[in-house]
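Predicted, not measured: the structure shown is a model, and the values here were computed from it.
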Amino acid sequence: MTDLGAIAIGMGLAAFGFFGAALGIGWIFSTMIATLGRQPEVEGRVAKYMWIGFALVEAIALYGLVIAFIIMGLRPK
């Protein structure tokens with residue numbers, strides 16, 4: 001395998017974090033919708049925790065993006 005091929009594989013693996021983040025965000029919002037469907041009066045208490053969870057899961061995607069860009073910057077000599 002060439003160095004360029006290894007860099008491409010590394011970028012793909014780093015971007016795999018987007019898949020997990022997408023699943024996590026979908027799960028957070030679907031659970032919020034289901035919760036509000038059952039008990040609409042708890043929206044104020046639950047919404048802040050939903051947004052905190054969303055921010056934490058989104059940070060995982062941003063870390064994957066940063067790592068992919070770092071790997072992209074590597075040049076074979």
Side-chain angles (χ1 to χ4, degrees):
M1 175 182 302
T2 65
D3 291 339
L4 193 58
I7 289 173
I9 290 173
M11 286 177 56
L13 290 175
F16 191 66
F18 293 125
F19 178 70
L23 290 177
I25 290 170
W27 181 74
I28 287 170
F29 283 104
S30 69
T31 304
M32 179 68 173
I33 291 169
T35 300
L36 293 181
R38 287 189 217 111
Q39 295 179 324
E41 67 275 3
V42 298
E43 180 180 6
R45 288 186 287 168
V46 176
K48 61 183 171 185
Y49 296 115
M50 178 199 67
W51 288 113
I52 291 171
F54 170 76
L56 293 173
V57 171
E58 189 67 24
I60 295 170
L62 292 176
Y63 291 145
L65 181 66
V66 168
I67 291 171
F69 281 145
I70 289 171
I71 293 172
M72 185 174 67
L74 299 175
R75 298 276 189 235
K77 295 180 181 181

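- Taking Val66 as the reference, Ile70 meet the side-chain contact (heavy atoms from CB on, under 4.5 Å) condition, with sequence neighbours excluded.
- The side-chain contact (heavy atoms from CB on, under 4.5 Å) search around Leu56 returns Ile52, not counting sequence neighbours.
- Separation of atoms CD1 (Ile67) and CG (Leu62) is listed at 11.0 Å; rounding is to 0.5 Å.
- With sequence neighbours left out, Glu41 forms a side-chain contact (heavy atoms from CB on, under 4.5 Å) with Gln39.
- Leu65 and Phe54 fall into different hydrophobic clusters, where Ile, Leu, Val, Met, Phe, Trp and Tyr residues are linked whenever their side-chain heavy atoms come under 4.5 Å apart, directly or through other members.
- Sparse packing is recorded around CD of Glu43, with 12 or fewer heavy atoms of other residues, nucleotides or ligands lying under 6.0 Å away.
- Environment of CZ in Phe29: crowded, with over 12 heavy atoms of neighbouring residues, nucleotides or ligands closer than 6.0 Å.
- Between Ala21 and Ala61 the shortest heavy-atom distance is CB-CB, 3.7 Å.
- Apart from Tyr49 itself, the hydrophobic cluster it occupies contains nothing, where clustering links Ile, Leu, Val, Met, Phe, Trp and Tyr at side-chain heavy-atom distances under 4.5 Å.
- Residue Ile60 is not grouped with residue Phe18 when hydrophobic side chains (ILVMFWY) are merged at heavy-atom distances under 4.5 angstrom, including chains of intermediate members.
- Alongside Leu23, the hydrophobic cluster contains Phe16, Phe19 (criterion: ILVMFWY side chains under 4.5 Å).
- A search for side-chain contact (heavy atoms from CB on, under 4.5 Å) contacts involving Ile28 returns Met50, Val57, not counting sequence neighbours.
- Contacts of Trp27 classified as ring pair (Phe, Tyr, Trp, His ring centres under 6.0 Å), with partners at least two apart in sequence or in another chain: none.
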